[in-house]
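Data block below; observations after.
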Amino acid sequence: MSRIRRMAAPLALAVGGGLFVAAPAAEAAPAAACDTTSTPYTYVVTYQPGTRASAVDKELAAKCGTKIAYYDGIGVAIASSRNADFQQKIGVYRAYSGGKDVASAGAAARSLGAVKTLEDTRSTAAAGDLSAQQWDMKAIHAPEANKVYQGSRAVTVGVLDSGIEATHPALRAAVSPAESAGCVTGAPDRSPAAWAPTTSDHGTHVAGTIAGKDPAAGFTGIAPGVRLASVKVVNDEGYIFPEAAVCGFVWAAEHGFEVTNNSYYIDPGMFYCPKQPGDAAAFEAVRRAVEYSTHHGVLNVAAAGNSGFDTTAQTTDPNRPHPLDPSCGILPKAVDGVVNVSSVGYAGTKSSFSNYGEIDVTAPGGDFGQTPPQGEGPACPLSSVVGGSYGSKCGTSMASPHVAGVAALLASKFRGAPPWLLTRLLEGEADAVKCATTETECTGPAKNNSYYGHGLVNALDAVR
């Protein structure tokens, strides 16, 4: 409205000898009150990186949200709201809630295998020398590597998972409480209870593979000389939502971790699509967090997943009914720079459950169809579990920490090496695994194919 019209609007006008008074300008309808009784859900909300926290607070408050955390370096806020229309108020391409998606759809999917446990056969330290049962370590020459070099205490591997039992005999010397945090809410919580396991021993199993050492039980991981940080991103229902992953990657970046292990995919969708409402915000928030950590010197290693399909050719999402296009991907492994790990069993061939397609390297994750001879252990890799004990689990979740352990050895030997160089070293030192004639879906040469990537990681070559 021009200045003249604004000034003229309130004036009285003479019409037909009478007096006509202009009606006052209509006032905007009062904003609807925010919902104060419904279930609150947590959202990731994207902003331009560098947006001031005060501006974030102002927008969230105006749209019935409350800030939980704000990561200004990547322009991602974690917010809570009871309003059913909060995503619409912010913008469907800027806000997303995995928790609300699960509640709305009644989704039952869990991402823990990546995190799904395929087997858990308990044994105990009293059962004898467990090293005889660690066929997975022998496959990548970890025992020989341990005799040469066990890694540096200056190197930290962040285990983004369900928490680590820090009192476990194999882990108490490795876990660094000062570098650990709970990230389930989307904001870091340094209290020990926040990063300890509650409903899952998945993270404890992963941690033992990377850096466990228990001489009394004869158990040794790949890099027992490095430190471990427990970064809990799995909630008690078994979900890893985008806000937890964002918190975890930023925590790793800002605390100088050299490596992270990510044996999961982000819930509730297996695939996230950057061109779709809701998905766009989740994909962008996680992408920014991963790339922020990579920029700060963190090499991120991730499990390929246990659905047994080619991720590059998948046209449907097993967890959600939404269309897939070539831009869609499984997070976090779909982000550039993340090392994608497939799984092999005792015989050294791809595990029946392992995803394939864009694979960087492979490592032992077990397979029920590839049973070791008597005395060489169970079909699934053996490692630490909650309760100070040991158990076996199968999955690409178990393959990924083998790669993270070898990466930790490389980061120890080549201090300050950037993530891209550690990746090249991992790939270059891996033992080529060619496609078998019976593996008709395996494509590519021995040193770079769709099943095994650049090959089986080799811990001994990494240290020598």
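Ion pairing between Arg287 and Glu284 holds under the 4.0 Å rule for side-chain N and carboxylate O. Between Lys232 and Asp189 there is no salt bridge, since no side-chain nitrogen of the basic residue lies less than 4.0 Å from a carboxylate oxygen of the acidic one.
Side chain of Glu165 to main chain of Asp201: no donor-acceptor pair is present (N/O by atom type, distance under 3.5 Å, no hydrogens or angles). In this structure, Lys447 contributes its side chain and Ala430 its backbone to a donor-acceptor pair below 3.5 Å. At distances below 3.5 Å, at least one donor-acceptor pair connects side-chain atoms of Gln87 with backbone N or O atoms of Ala95. Side chain of Asn83 to main chain of Asp85: no donor-acceptor pair is present (N/O by atom type, distance under 3.5 Å, no hydrogens or angles). When atom types are taken as modelled, the side chain of Ser389 and the backbone of Val385 share no donor-acceptor pair closer than 3.5 angstrom.
Taking the six-membered ring where the residue is Trp, His255 and Trp251 present parallel rings, their angle staying beneath 30° rather than reaching 60°.
Judged purely by distance below 3.5 Å, without hydrogens or angles, the side chains of Thr423 and Asp360 never pair a donor atom with an acceptor atom. No hydrogens or angles considered: nothing links the side chains of Tyr265 and Asn355 as a donor-acceptor pair under 3.5 Å. With no hydrogens or angles considered, a side-chain donor-acceptor pair links Tyr452 and Glu439 at under 3.5 Å. Checked by atom type, the side-chain pair Ser81/Lys89 shows no donor-acceptor distance below 3.5 Å. Counted by atom type alone, Thr204 and Ser384 present zero donor-acceptor pairs between their side chains at under 3.5 Å.
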Anything under 3.5 Å between a donor and an acceptor, one on a side chain of residues 40-52, the other on a protein residue two or more places apart or in another chain? List them.
residue : atom : partner : partner atom : Å
Tyr47   : OH   : Glu59   : OE1          : 2.7
Thr51   : OG1  : Gln48   : O            : 2.6

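Shown are Asn262, Asp267, Asn261; of these, the side chain to side chain donor-acceptor pair (under 3.5 Å) with Tyr264 is made only by Asn262.
The cationic atom of Arg227 (NZ for Lys, CZ for Arg) does not lie both less than 6.0 Å from the six-membered ring centre of Phe257 and within 45° of the ring axis.
Taking the salt bridge (Lys or Arg N to Asp or Glu O under 4.0 Å) definition, one finds that Asp310 meets it with nothing, sequence neighbours left out.
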